[in-house]
J.: 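Here it is, the structure, as structure tokens.
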Amino acid sequence: MSAPAILVVALPTPLRRLFDYLPPGYQPPGAAKDMFAQPAAAVDCHSLQPGVRIKVPFGRQELIGILIAVKGESEFPLEQLKPATEILDQSPVLTEDILELSQWASGYYHHPLGEVISTTLPTLLRQGQAPERQREQVWQATDKGRGELGALLKRAPKQQQALDLIKHQYLSSSQLAALDINRPILKGLQEKGLIEAIDRLEDNSQTLLAETPLTLNEEQQQALSAVEFDNYNSYLLRGATGSGKTEIYLQAIAKVLEQGKQALVLVPEIGLTPQTLGRFQHRFNAPIATLHSGLNDSERLQAWLAAQSGEASIVIGTRSAVFTPLPNLGVIIIDEEHDLSFKQQDGFRYSARDLAAIRAQKHHIPLLLGSATPSLETAHNCERQRFKLLELTQRAGNAKPPAIELQDIRRQALIEGFSQESLEQIRTELDAGNQALVFINRRGYAPTLMCHDCGWQAHCPNCDARLTVHQHPRHLHCHHCDYQCGMVDQCYSCLSSDLTAVGLGTERSEAALQDEFPDVPVIRVDRDTTRRKDAMQNIVDEVNKGEPCILVGTQMLAKGHHFPDVTLVVVLDADGGLFSADFRGPERMGQLLTQVAGRAGRAEKPGRVIIQSHLCDHPLLQTLLHDGYPDFAQQLMGERQIAHLPPYRYLALLRAEDKNAHQAMAFLTQARQLAEQIFPSSVSLQYLGPLPAPLEKRNERFRYQLQINAGQRQDLHRLLQPLIAQLDELPLGRKVRWSVDVDPQDMA
DNA sequence: AGCACGCCGACT
DNA sequence: GTCGGCGTGCTC
């Protein structure tokens, strides 16, 4: 009897190892023979392909894992191996390239392969569902419906409208319902024999008529022709809002589609707006699949399958879409590459931008990164000639960049945070029929509730943080753990009832502005007002009607949406970023200010930006305003080099948290000792900590971190690999919640 | 992470 | 006398 195939399986557990199994139905030789039992035929597994799903017994549970390899023998004694329960797939759901990418990511981010794989697969596949496309009923115009109808629909405009849509493309009833066309209208058309229902693959992709590409200006033309499509290169398209990055994406995609290949487009979490999608849909006569957080499990699976089968030519998605299987991938595009949402901030802490570069490299295809405010990492890669810089300096229609001025508010009387000057400027714009935008990066009414008599402040019981005062509805709220309670009317310490809201938030600015400008709508935009599904879109539509109004909100206003009728932007609290705990604070601030400035104005109506500041002389602010973002980034780069920080050095963070502060700290202290044994501290590898995290106590857990700073990537990994193996063995390692973050973006 | 086993406190 | 608290150990 030949030796059984040994199945090496990755399982969704945090254990950093793979598990060996026997083929399904295989009788372990040592097992007691039951001579009456029908010997189940052992499945021959020697030719199974890696990437298929396998159901296996695991402890007392049953899990679905992914076959990684088939081997001839196991390090484990055969009698300790269990037979797998079932092979779930004929062909791999995890294609070779995605499996390879997962393995690379597992090594680079030091995260268990089984969990990495879990994040790459749609939930329903993880749960064992078959990877099958579903069919749905769609409406199609009949020959009669396509013919000359005369006056048949003259008195049924709604039916006429529906028929026009259906003539252009197949649409399901639910898609039509979204366009405000309901069942009775469709029934009417069906009874007249103009449309019929047919079965078609379920699809969240859509095909519309293609439009002709715009003519590129010389600069755009140069940028596009610099892109080589038959081998790997990363390109940075650096250009302000309105400089035409999207048009280059579209034409690059067109070239790829001409070759019969697919394009993958990654956008920030809030970047997949109907406008963005609409622009792609109108340009290409090709199916587009979207993958974003708004999809349910089944929609997500269908989009994934459309991509994997090659049906979808273009996939647009957020971070996790970097793992979408695409059999003919021809280009990867990342819009707003500096955006934080490309880095996952918990669990498997990967950077979709960096993984996209790896993926492009393995496929020998170009990676296009676009941003007006590139991350220092990307800018540094351009300097070192690893990425090619393609600059777009012209603005469409000769629009001028907004004029930015710093307004010194030292010693100025402020009305709820606004200087007299700012209010006057807002009034001037409103009187001229224009719109104004007020940016304040803090939601709620005020960040603190304080006792005027004794100085007591309302604190979160679970976190090391003050509670934020909210007025709509009236309550106190912790933005770190979501603790909420009713408004406090009396000081806990001295029982005084003289409590004051201290500091500024969006709600307060909204109230102040409404008070000051009672005749003009004040529209607040923050997480609280845009929670509902279409809320943001409704606001954008309303504002873009062009009536005078004031927008007030958080960074949601700075990203994605453009408001052409806004001619004045007022930034209330720019100073915060200059002395934040995170060394990336100033970089973020510069990006945010540049982005928010980009919201204002258009060709025929130039915008202005006022930045209220107590630190007008700050050299970084001065550089940003007078010389622009690239010089600002250059200046930051110099500081990073001196401070031995990225992008000149490589960081990893070992985080630990526990309800018991001492335990979390003790774990990291042990970790540092072990680390020093593996790789003694030197210039090439330095340790910092363990130190308390910026918010030491969060959600009843105390958090600490050990920073590892290396001159060479390789050294970082040479340390981390054995270190993590030892930490897994540590008794404290099983009690304390700990994680590794390679290339951390947020130090919190 | 799950999940079970196991050994001590307050309830019907 | 049992229910249930979470400490500890294991998963091919």
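Throughout, a chain's letter reflects where its sequence line sits, starting with A, and its residues are numbered from 1.
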J.: How close or far is atom P of B:dA1 from atom CD1 of A:Ile117, stated in whole angstroms?
T.: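 So the CD1-P distance, A:Ile117 to B:dA1, works out to 19 Å.
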J.: I'd like to know if the side chain of A:Asp339 pairs up with that of A:Ser341 as donor and acceptor (distance under 3.5 Å, no hydrogens or angles considered).
T.: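 There is such a pair between these side chains.
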J.: Determine the interplanar angle of the A:Phe19 and A:Phe58 rings, folded into 0 to 90°, and report it as parallel if under 30°, tilted if 30 to 60°, perpendicular if over 60°.
T.: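 A:Phe19 vs A:Phe58 ring planes: perpendicular.
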J.: Which pairs, protein N/O on one side and nucleotides 8-12 of chain C N/O on the other, fall under 3.5 Å?
T.:
from: C:dT11; atom 1: O3'; to: A:Gly59; atom 2: N; distance (Å): 3.1
from: C:dC12; atom 1: OP1; to: A:Tyr21; atom 2: OH; distance (Å): 3.0
from: C:dC12; atom 1: OP1; to: A:Pro57; atom 2: O; distance (Å): 3.3
from: C:dC12; atom 1: OP2; to: A:Gly59; atom 2: N; distance (Å): 3.4
from: C:dC12; atom 1: OP2; to: A:Lys82; atom 2: NZ; distance (Å): 2.4
from: C:dC12; atom 1: O3'; to: A:Asp20; atom 2: O; distance (Å): 2.6
from: C:dC12; atom 1: O3'; to: A:Lys82; atom 2: N; distance (Å): 2.9
from: C:dC12; atom 1: O2; to: A:Asp20; atom 2: N; distance (Å): 2.9

J.: When the aromatic ring centroids of A:Tyr108 and A:His717 are compared, is their separation below 6.0 Å?
T.: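 For A:Tyr108 and A:His717, the ring centres are under 6.0 Å apart.
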J.: Report the relative orientation of the aromatic rings in A:Phe348 and A:Phe323; use parallel for angles under 30°, tilted for 30 to 60°, perpendicular for over 60°.
T.: tilted
J.: Let me know which of A:Asp743, A:Asp746, A:Asp741 forms a salt bridge (Lys or Arg N to Asp or Glu O under 4.0 Å) with A:Arg349.
T.: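 Result: among A:Asp743, A:Asp746, A:Asp741, A:Asp741 is the only option passing the salt bridge (Lys or Arg N to Asp or Glu O under 4.0 Å) with A:Arg349.
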J.: Let me know the distance between CG of A:Asn660 and C1' of C:dC6, rounded to the nearest Å.
T.: 15 Å
J.: Starting at CZ of A:Arg16 and ending at C1' of B:dA1, how long is that distance when rounded to a whole Å?
T.: 13 Å
